[in-house]
Amino acid sequence: MNTPAVAFVGALVLVGIGLVGTLTCRNLIKVAVALQIMMKGVLIALVAAGAAQGQINLGQSLAAIVLGVDTIGAVILLALSVQVRRRFGTLDVSALSQLRR
Amino acid sequence: MNLEVTVFILLLVGASLCALMAISAPQLLTSALWLAAASVLSALVLYALSAPTMAILELSVGAGLVTILFVFAIQYEQSDTPASPPLIPRLIGWGLPLAALILTGALILPLPTPEQPAVEVGTFATLLWGSRALDALIQVGLIFAGTLGVLGILSSRKQVSMVTDTADTAQPDRAPLPAPPVLEPTLEGQEPL
Amino acid sequence: MNAVPAFVWLIALPFVGAPLAYFSRRRWVIFGIIGALWVIFGLQLLQPRSTHYRVGEVNLGLDGAGVLLAGLALTLGTLIGVYSSAYLKHESGRARDRHDALLLILIGALLGLGCATDLFNLWLWLELLSGSAWMLVAFHGNRPAALEATVKYVTQSMVGSALSLIGVALTLWQVGSLDLARISTAGSSPLLLAAGGFLVIGMGLKAALVPLHTWLPDAHSQAPSGVSALLSGIVVEAALVALLRLLGALAAVEFSWGALLIGCGCLNLIMGNLMALRQSEIKRMLAYSSVAQVGYMLIGFGITALSGDPGGAQGAFFHLITHALLKGLAFLAAGVMAVGLVRPLTLADLGGGAKRAPLAAMALSVAVLGLGGLPPLAGFMSKWQIFVSGFAGSPGWVQAVVIFAALNSVLSLVYYAPVALALYRQTDTTATRVAQPVSFSLPLLVMLLVSLLLGFVPGLMETLTGEAGAVLGSLWVP
Amino acid sequence: MNPILTALPILIPWIGALVIMGLHRTRVIHGVAVGTAILNGIGTLLLIPLSAEHAQLLIPAGQFWGTWRFSPDSLSALLSLIAAIIGALAVIFSVDYMHGTNSADLKRYYGLVLLFIGGMSGLVLTDHLLLLFFFWELVALCSFALIAYYPHNPAAAAGGVKALVITQIGGIGLLIGILAVGGTAGDFSFKALHSSALTPTLKAAVGFGFLIAAAAKSAQFPFHSWLPDAMEAPTPISALIHAATMVNAGVYLMLRFYPVFVDLPGWTDCLMLIGVVSVLMGGLIALLTDDLKRVLAGSTISQLGYLFSAVGAGAGAAAEFHLLNHAIFKGLLFLGAGAVIHALHTRDMGHMGGVRREMPLVFATFLIGSLALVGVPILNGFWSKELILEAAVSHAPGWITGALLLGVGITALYTYRMVRRVFWGRAQDRAPVHEAPLGMKIALITLAGGVVLSPLCLPDLGVVITEVLSAPVTLLALGIILLGAGIGWLRLPISLSKGMLQALDRGLGLTPLNRISVQLTNLSAEGLRGLHTGVLTLNLAAVVGALTLLMIILLVGGAL
């Protein structure tokens with residue numbers, strides 16, 4: 001196995017850990033942390049895919065844009081959690097379940 | 001297995017461990033710091049993949065800016081939510097992603113080496129600002145939308161004090177129907193069909 | 001560099017316009033920009049189709065499907081812009097400016113999405129689309145329910161984005177390019193198969209495939225009514241078109257994507273209908289019914305993917321149009337009905353609706369009955385086209401699916417019919433007619449008339465849907 | 001004659017409906033409605049010469065629709081006339097019946113009635129399968145809205161939705177049939193059904209699809225349960241839609257396409273079986289209920305069952321004749337019942353009785369209608385029912401004839417019971433009532449005249465008379481009628497066996513099946529709603545679960 005392949009597998013593991021985090025964490029901010037971990041995995045995966053094709057700079061530029069998008073997502077999610085804390089008094093996602101059925 | 005691959009594996013295992021710590025740490029602040037650590041290690045992975053620009057970006061934005069945001073949000077909240085058990089059984093929470101991962105692995109491994117990798121023309125800058133200029137521009141639009149949205153979300157406290165949770169539009173002709181003062185939908189206890 | 005075709009301006013204008021609308025703080029700016037968009041769109045229609053424009057390495061191309069999406073986005077966008085003038089009358093000026101700017105960005109994202117021919121570009125447009133949609137759902141961020149809906153929408157969307165990006169990375173690994181045309185010539189490989197899987201989940205989340213739909217009923221019922229109309233009418237469907245475009249590029253992969261789509265369609269139908277059956281909140285019921293209606297489109301597109309016959313896609317595109325009109329109409333009318341209510345609009349509140357707001361009542365009942373597929377309303381005509389293509393020369397199980405879908409439209413009548421009934425059975429004797437502002441009645445009237453017209457003269461859209469269907473059909477030639 | 005006149009029976013009522021939408025004063029609305037209905041009756045008469053000269057109205061309607069073709073023949077002219085004339089009488093009747101309604105509700109009422117009358121004419125006149133489906137659904141929509149007409153009655157809303165849903169389920173049969181025909185022959189004219197492109201399997205699908213649609217529309221077993229619930233409609237509506245016209249649409253469909261499907265194995269047997277079971281089921285429903293209108297509804301199911309059996313036995317002409325007669329006498333019975341209900345403000349026969357003296361005209365006309373329903377000679381029901389029985393004797397298996405004869409007895413029994421309970425006996429704790437007003441009288445007398453005179457329409461009346469009078473089955477039927485009425489007169493302890501009858505009704509009526517399927521749908525809907533927990537974590541778990549599942553599918557499907 002060459003290095004990009006190793007990196008890609010590692011990236012998938014990171015995405016998997018992120019998924020585990022979104023499923024096991026109850027705190028909204030921790031869910032945001034888990035999403036960040038997923039995105040780290042995605043960045044590595046994109047760059048590794050570019051590297052495998054000898055197009056490392058293509059992979060880099062895609063990853064740079066994804067990094068921007070993902071940062072905006074994180075900011076929005078954090079702003080939302082600030083608001084959630086204000087309205088619901090807690091960050092526990094189980095409190096956010098009034099829209100049910 | 002040569003040295004290069006070993007270094008890679010070590011870095012990735014380190015990043016994964018940090019990630020695991022981040023999602024299992026009881027304190028939010030610890031969690032954010034572990035995330036920063038994972039970010040630094042992934043930046044190293046990126047560097048090792050000979051993507052130095054991206055590594056620097058990840059270090060500054062991913063490990064720096066985002067961590068600051070997280071810490072800010074956590075400090076702002078001052079919340080020390082005690083660790084509560086997850087909402088779904090741990091077996092599912094761990095098992096489902098693991099199963100997805102294994103199945104994906106079964107599908108794609110071993111990752112084939114492309115037969116004739118294209119020879120790349122241009123540097124990171126020319127690619128980002130030349131070839132993918134459109135994407136960069138769309139990203140600017142996204143940043144604008146996100147900023148507006150965050151402004152909206154964070155400013156809604158003022159509206160509450162002004163409008164006091166009444167209605168989205170007021171129609172003076174029609175008195176509001178008797179309703180609970182809260183805005184939660186009343187979904188319980190419906191009449192059957 | 002070749003001459004810049006008109007549609008590039010079409011895409012660019014909203015991004016210039018959005019800050020302009022936000023910072024100028026004048027409401028007419030948004031209408032000016034939308035008017036300019038219409039002019040450019042008209043000019044573009046005069047030009048030959050499938051024009052291309054390169055920005056760097058990324059190709060933009062306007063084909064039949066793009067024209068259809070653009071036309072629909074502009075129509076709905078204009079009407080909702082008008083509608084919101086009255087709907088947002090009591091909001092603060094800043095909030096309204098924000099709404100307008102985000103609306104423009106949403107329209108721009110829809111226009112761009114229709115033109116994308118590059119996988120990553122497609123993903124990014126979709127991201128922009130959902131980004132502006134999130135923020136519009138969060139418009140009533142001071143309400144806990146809206147906040148909750150936004151949190152779910154954002155989080156689930158982001159998981160979807162991450163999963164689609166894994167698909168993008170896998171494709172890049174295998175093909176070395178992200179151009180959809182290049183990908184379609186790459187042949188079959190397990191990597192592309194896995195990439196397809198990740199992309200179906202990631203983009204399917206935004207297109208509300210069951211069981212990835214859980215964000216939809218919450219978000220669509222909590223957004224302001226005009227925004228719900230846009231979200232249900234076109235945003236979800238645009239994601240579906242994006243998904244189909246990239247699946248079309250993966251057509252050479254040895255897997256029956258068509259069967260997968262049809263299967264998902266059946267799931268969407270039954271799940272959406274059964275969930276909508278017991279809802280008492282009108283907007284939530286409409287949101288669930290969108291899940292079901294996406295099912296019809298999935299079946300239509302799936303038939304094309306299965307056999308390469310463009311008829312199914314044509315029917316699905318027609319259904320996309322009629323659904324956008326009817327569901328948009330239903331949400332707008334429900335918004336008019338809900339005026340002055342503190343809590344969500346329920347079925348019980350509709351009593352005497354025909355007396356209070358005759359036009360809105362008419363619009364809502366035509367919309368729900370049309371969605372339920374009663375001939376000769378537009379909703380029947382589009383379902384009919386899908387059924388016809390599914391029946392002619394398809395394998396037996398597809399015909400069974402068609403019968404299943406037809407049965408489902410009866411099921412949907414069980415929850416649609418009471419809405420129409422409640423409006424006209426005037427239990428609320430105290431109801432008096434409430435004068436409606438023009439900005440409420442005008443969009444309702446336009447959509448009502450157009451949807452009625454489409455029911456009686458379904459041929460009107462034939463060129464449009466035919467071209468769009470042919471675009472998707474050509475990808476799936478066996 | 002100009003073929004454009006063919007469109008009159010559709011256009012006159014629709015234009016009238018549009019005009020009514022713009023009116024405000026109730027008196028004017030009544031007037032315009034009656035005027036339109038009468039004008040429509042006259043306009044529809046033109047169909048007789050038009051059908052004689054095989055007029056064809058062709059309207060090119062674009063690529064999707066093809067050519068709209070309206071071509072009246074004797075069958076469609078007959079049905080269109082029934083719709084127009086009974087429609088006109090129902091509208092005249094409504095002037096009194098709907099007296100005192102506010103103008104908004106009245107506009108809705110007359111608008112829908114007129115829309116319905118036009119739709120019904122369109123349904124029988126068109127020669128275009130898709131257009132047929134359009135009219136088919138249009139009349140269902142009108143029926144739905146009119147059943148649910150009364151604002152404060154939740155049973156009305158439920159009955160309306162039930163009728164709509166059940167006829168829609170049947171409508172799928174029609175839809176599938178049309179899909180198959182249009183998909184293979186590429187043409188929606190009725191001729192396309194004869195196209196050689198239709199393979200035998202496909203043809204069978206079309207035939208049985210149409211059969212399901214017809215059974216649902218005509219409230220035949222096992223789809224009959226909507227008709228009794230539809231009795232929440234205003235009574236003129238029950239007379240018009242649920243006795244005289246719309247329920248006949250199914251019979252029309254069968255009559256129209258009988259030549260196409262007669263060779264399908266099992267098709268005619270199925271038709272006869274449905275008919276026979278409906279005859280008995282309907283009779284049972286009529287026998288078991290205390291609600292006057294439900295008795296009539298059960299009777300309608302039962303009489304339509306005779307029509308189905310007759311079509312199945314190949315006696316198309318007899319079926320057409322009975323269809324006409326049934327429309328007249330059942331329309332009469334419903335309007336008479338409406339007059340009584342209007343006066344007494346109840347539908348429960350337990351609270352009636354003794355109306356005979358107070359409403360002599362209503363009583364006389366109702367009696368004529370009842371005798372015709374039972375099949376007493378020389379009234380119209382007698383001739384057509386005997387013709388059907390005769391056809392059954394010669395073309396159907398013996399047990400079917402037996403069941404039909406049993407149905408004759410049950411008819412006599414429940415009719416006797418109904419007339420006795422409403423008109424004889426003592427007036428129980430109720431205010432005295434007066435004879436029906438003028439508009440009602442006009443409608444009742446006209447229809448009663450029709451009951452006596454309609455056999456005269458038959459071109460070969462002499463042949464029919466000799467045929468019927470010489471057939472042994474006629475005597476047998478008359479004997480059974482006497483027996484049935486005698487059981488009623490003796491008041492034999494039906495109540496003792498009522499439990500048994502109810503069990504039979506429940507078992508055969510598939511009410512449990514019906515209820516179970518409704519409950520199953522509701523339960524699954526409720527159960528699924530539980531799945532939407534609204535908890536983010538679980539939503540995300542569903543996403544990851546879907547990813548896992550899809551990966552399994554891809555692994556398996558990609559390996560194949």
Side-chain angles (χ1 to χ4, degrees), chain A residues 1-8 10 12-14 16-17 19-21 23-27 29-30 33-34 36-37 40 43-44 47-48 51-61 63-65 67-69 71-72 74-76 78-83 85-86 91-92 94 98-101, chain B residues 4-5 8-9 12 15-16 19-20 22-23 28 31-32 35 38-39 42 45-46 49-51 53-54 57-58 61 66 69 73-74 76-77 79 81 84 86-88 93-94 97 101 104 111 113-114 117-120 122-124 127-128 132 135-136 139 142-143 146 149-150 153-154 184 187:
Chain A
M1 254 175 128
N2 50 6
T3 44
V6 173
F8 201 95
L12 283 181
V13 170
L14 276 177
I17 293 173
L19 280 177
V20 170
L23 294 191
T24 50
C25 294
R26 288 179 68 157
N27 191 303
I29 290 186
K30 279 183 81 176
V33 168
Q36 284 298 310
I37 293 169
K40 306 281 173 253
L43 294 181
I44 296 176
V47 174
Q53 282 284 352
Q55 304 204 349
I56 188 73
N57 282 336
L58 176 63
Q60 277 201 78
S61 42
I65 290 162
L67 183 63
V69 171
T71 310
I72 297 165
V75 171
I76 291 174
L78 288 175
L80 280 171
S81 41
V82 168
Q83 240 355 288
R85 170 73 203 207
R86 274 188 205 159
L91 283 170
D92 194 341
S94 67
Q98 293 167 349
L99 298 173
R100 169 159 18 114
R101 294 157 83 74
Chain B
E4 204 184 1
V5 174
F8 255 97
I9 292 176
L12 285 163
S16 305
L20 277 177
I23 61 166
L28 287 181
S31 181
L35 174 66
S39 205
S42 2
V45 173
L46 290 174
L49 273 170
S50 56
T53 330
M54 196 48 223
L57 272 178
E58 169 64 19
V61 177
V66 173
L69 280 172
I74 293 164
Y76 185 84
E77 293 307 319
S79 64
T81 322
S84 39
L87 287 166
I88 50 175
W94 285 86
L101 213 59
T104 313
L111 281 161
T113 319
V119 183
E120 190 165 41
T123 59
F124 173 76
L127 266 163
L128 182 61
R132 311 297 305 189
D135 294 335
Q139 196 201 0
L142 190 57
I143 291 173
V150 170
I153 294 167
L154 290 180
E184 284 85 9
L187 285 163

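First the proteins, then the strands, lettered A, B, ... as listed; each starts at 1.
When heavy atoms are compared at a cutoff of 4.5 Å, B/A51 approaches chain A by way of both its backbone and its side chain. Contacts between B/L57 and chain A at a heavy-atom distance below 4.5 Å involve backbone atoms as well as side-chain atoms. If you measure heavy-atom distances from A/I17 to chain B, the contacts under 4.5 Å come from both the backbone and the side chain. Heavy atoms of B/I23 lying under 4.5 Å from chain A belong to its backbone as well as its side chain.
Here B/L69 contributes atom CG and A/L78 contributes atom CG; the two are 6.0 Å apart, rounded to the nearest 0.5 Å. Here the straight-line distance linking atom CG of A/N27 with atom CG of B/L28 works out to 4.5 Å at 0.5 Å rounding. Atom-to-atom distance recorded for A/L91:CG and B/I74:CD1 is 9.5 Å, nearest 0.5 angstrom.
Shown are A/I44, A/V47, A/N57; of these, the side chain to side chain contact (heavy atoms under 4.5 Å, CB included) with B/M54 is made only by A/V47.
Most heavy-atom pairs under 4.5 Å with chain B: of the set A/A7, A/A74, A/G16, this distinction falls to A/A7. Of the listed residues (B/S42, B/A15, B/A32), the one with the most heavy-atom contacts under 4.5 Å to chain A is B/S42. Counting heavy-atom pairs closer than 4.5 Å to chain B, the top-ranked of the candidates A/L23, A/L19, A/V20 is A/V20. Interface check for chain B: of the options A/I76, A/L67, A/V69, the most heavy-atom pairs under 4.5 Å are formed by A/L67.
Residues passing the side-chain contact (heavy atoms from CB on, under 4.5 Å) test with B/S31, sequence neighbours excluded: A/K30, A/V33, B/A22, B/A25. Checked against side chain to side chain donor-acceptor pair (under 3.5 Å), B/S50 has no partners two or more places apart in sequence or in another chain.
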Quiz prompt | Criterion side chain to side chain contact (heavy atoms under 4.5 Å, CB included) on B/L46 and A/Q60, from CA distance to verdict | solution = CA-CA 9 Å; B/L46 290 174; A/Q60 277 201 78; over 6 Å; no
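Scanning all heavy atoms of the two residues, the minimum distance from B/L12 to A/V6 falls at CD1-O, 3.4 Å. In plain terms, the two heavy atoms of A/R86 and B/L154 that are nearest each other are NH1-O, 3.8 Å. Here the closest non-hydrogen pair linking B/S16 and A/V13 is OG-CG1, 3.8 Å. Smallest separation of non-hydrogen atoms from A/I65 and B/Q139: O-NE2, 3.5 Å. Between B/A19 and A/L14, the shortest heavy-atom distance links the atoms CB-CD2, 3.9 Å. For B/V150 against A/A79, the heavy-atom pair with the smallest separation is CG1-CB, 3.9 Å.
The closest side-chain heavy-atom distance from A/T71 to B/V66 is below 4.5 Å.
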